[in-house]
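A quick write-up on the structure given underneath.
Sequence lines set the chain letters: A, B, ... in the order given, protein chains first and strands last, and positions in each chain run from 1.
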There are 2 protein chains.
Amino acid sequence: MTSHAAAEPIRTAITDEDGIDFAIIELFFFAYRDFTSDPDQILADYGFGRAHHRVLHFVNRRPGLTVAELLDVLKITKQSLARVLKQLIDTDHIVQLQGPRDRRQRELYPTAKGRALALALARPQSRRIHAALEDSGATERAVIERFLEAMVNPELRAQIDIVPAKMSGKSHGDH
Amino acid sequence: MTSHAAAEPIRTAITDEDGIDFAIIELFFFAYRDFTSDPDQILADYGFGRAHHRVLHFVNRRPGLTVAELLDVLKITKQSLARVLKQLIDTDHIVQLQGPRDRRQRELYPTAKGRALALALARPQSRRIHAALEDSGATERAVIERFLEAMVNPELRAQIDIVPAKMSGKSHGDH
DNA sequence: GAAATTATGTCAGCACTATTGACGTATTTT
DNA sequence: AAAATACGTCAATAGTGCTGACATAATTTC
């Protein structure tokens, strides 16, 4: 049998020459890794993980969203959410209110405690972003925002636009 | 203490007005989520996870790196790497060679099979990036690269530069 | 009003990725 | 010879995700 059990090692590095954008792929990995490392340390003090952060974030961003809406945004299952959400409720970071129109629904709202934690988690991330944009003007910022948005699946881009990016009035729309 | 068991719900959304850059924080989350979803589907066919992808990626990017170097790049522990690496070796995606200078070290190299899988995983990600940069020129690309690099911890930025971003010759340097 | 559907909660079990601690072995350095 | 290093491995644990099944309350449909 000439079939060496061990296949031949390839000694040359994979590079962009293969038509693949490894530069940005790798940058994205490192950037996100460090981006999430800041809040991770704070979360550890609470015995929370990244899942808690995400829930807390979106409940603060869209107070009153229902469990189903949250599942849709996070793209996880009900059972995965359950544990995390229960902990956040038990620790008074989030409260549930019965839906006004449909009483089966539970609208999720942050408490003052939950709002404070969300801000504390976002602060180092925002600081990092500001530092990265240090010498950048509005133009560069727009380029980056457009790029990130374009990286999101088109079908899901709607989720982003729901967020009150600029609410001058307090018109809640049709909710 | 008037401690009502249920804390008051906050009904207003958290916004950038708090001095926090929620827009980019959120975009970054969605972008990375979808960015990783493409390879995740391919990996599922192999019974692999994201951890396998990361190992495979860096072994292809820096053939011959040692286990210790890999741990340093991934920022995980030896034990976490062990299973994943073993699987990749058992399935002939990666081979280990004894270090030439220090025989305690195991240099990691991709096989042809491992190289092919790394490319297959990178392809949809690269396609997504290209689509996102569709109408962008070199300037915009540079802005985005600079931003992503600036998001990485300064101490760790060295790891990125190690990567052969532009190798015209095949001079391996001092390795 | 009864039946079907919907929104949510929960239980049980499983998989993957990560963690820490401890120990063994081969090899290099001191 | 002793200490330090690189790596592998065993055992136990945590966090987060999954699927399937089932219960309850409320709404919608017939």
Side-chain angles (χ1 to χ4, degrees), chain A residues 29 32-33 36-37 39-59 64-91 94-109, chain B residues 29 32-33 36-37 39-59 64-91 94-109:
Chain A
F29 166 71
Y32 195 76
R33 185 191 64 176
T36 52
S37 70
D40 279 356
Q41 300 203 313
I42 299 171
L43 288 161
D45 299 337
Y46 292 76
F48 290 164
R50 251 177 232 183
H52 300 85
H53 185 187
R54 291 195 284 265
V55 170
L56 200 53
H57 172 89
F58 285 108
V59 169
L65 50 36
T66 64
V67 171
E69 286 167 348
L70 187 53
L71 291 176
D72 192 47
V73 171
L74 297 178
K75 295 268 172 276
I76 59 173
T77 62
K78 185 174 40 160
Q79 295 81 353
S80 297
L81 175 63
R83 258 170 308 194
V84 167
L85 183 56
K86 192 174 188 326
Q87 282 177 277
L88 287 168
I89 291 169
D90 289 346
T91 53
I94 290 178
V95 289
Q96 286 180 318
L97 297 185
Q98 206 171 47
R101 293 175 319 187
D102 186 334
R103 289 187 302 175
R104 288 172 305 181
Q105 294 182 332
R106 305 295 146 83
E107 293 186 343
L108 304 174
Y109 293 92
Chain B
F29 166 71
Y32 195 77
R33 186 190 64 177
T36 52
S37 70
D40 280 356
Q41 301 202 314
I42 299 171
L43 288 161
D45 298 336
Y46 291 77
F48 290 163
R50 248 178 235 184
H52 300 84
H53 185 186
R54 290 195 284 266
V55 170
L56 200 53
H57 172 89
F58 284 107
V59 169
L65 53 34
T66 63
V67 171
E69 286 167 350
L70 186 54
L71 292 176
D72 191 48
V73 170
L74 298 177
K75 294 269 171 274
I76 60 173
T77 61
K78 186 174 38 163
Q79 295 81 353
S80 297
L81 175 62
R83 252 168 311 194
V84 168
L85 183 55
K86 192 175 187 330
Q87 282 178 278
L88 287 168
I89 291 168
D90 289 346
T91 53
I94 290 179
V95 289
Q96 285 180 320
L97 298 184
Q98 205 172 47
R101 292 174 317 187
D102 186 333
R103 290 187 302 176
R104 288 173 304 181
Q105 294 182 334
R106 306 293 146 82
E107 293 187 343
L108 304 174
Y109 294 91

Q | Residue closer to the 5' end of DNA chain D, B:Ala68 versus B:Arg83 (nearest nucleotide) | A | B:Ala68
Q) Between A:Gly99 and A:Val84, which has a closest nucleotide on DNA chain D that is more 5'? A) A:Val84
Using a heavy-atom cut-off of under 4.0 Å over every strand shown, decide if [X] touches base, sugar-phosphate, or nothing.
X       : value
A:Gln96 : sugar-phosphate
B:His53 : nothing
A:Arg50 : sugar-phosphate

Q | Contact interval (first through last nucleotide) of DNA chain C with protein chain B, 4.0 Å heavy-atom | A | C:dT17 to C:dT28
Give the rounded distance in Å between these two atoms: [atom1] of [X] and [atom2] of [N].
X        : N      : atom1 : atom2 : value
B:Leu85  : D:dA6  : CG    : P     : 17 Å
A:Lys86  : D:dG15 : NZ    : P     : 16 Å
A:Leu43  : D:dG15 : CG    : P     : 12 Å
B:Arg101 : D:dA6  : CZ    : P     : 11 Å
B:Arg33  : D:dT16 : CZ    : P     : 17 Å
A:Asp40  : D:dG15 : CG    : C1'   : 12 Å
A:Leu74  : D:dT16 : CG    : P     : 12 Å
B:Asp102 : D:dA4  : CG    : P     : 17 Å

Q: Going by the side chain to side chain contact (heavy atoms under 4.5 Å, CB included) test, name the single residue among B:Arg104, B:Arg106, B:Gln96, B:Gln105 that passes it with B:Thr66.
A: B:Gln105
Can you name the atoms? Protein N/O to nucleotides 23-25 of chain D N/O, anything below 3.5 Å, with the distance.
none

So do the side chains of [X] and [Y] get within less than 4.5 Å of each other, counting heavy atoms only?
X       : Y        : value
A:Ile76 : A:Leu71  : yes
B:Tyr32 : A:Thr36  : no
B:Phe48 : B:Leu56  : no
B:Phe58 : B:Leu108 : no

Q. Do the side chain of A:Gln79 and the base of D:dG17 come within less than 3.5 angstrom through a donor-acceptor pair of N or O atoms?
A. no
Q. Taking everything shown except B:Gln98 itself, do over 12 heavy atoms lie less than 6.0 Å from its CD?
A. yes
Q) Counting heavy atoms not belonging to A:Lys75, are there more than 12 under 6.0 Å from its NZ? A) yes
Q: Not counting sequence neighbours, which residues clear ring pair (Phe, Tyr, Trp, His ring centres under 6.0 Å) with A:His57? List them please.
A: B:Phe22
Q) Can you tell me how far the CD1 atom of B:Ile94 sits from the CG atom of B:Leu70, to the nearest 0.5 Å? A) 7.5 Å
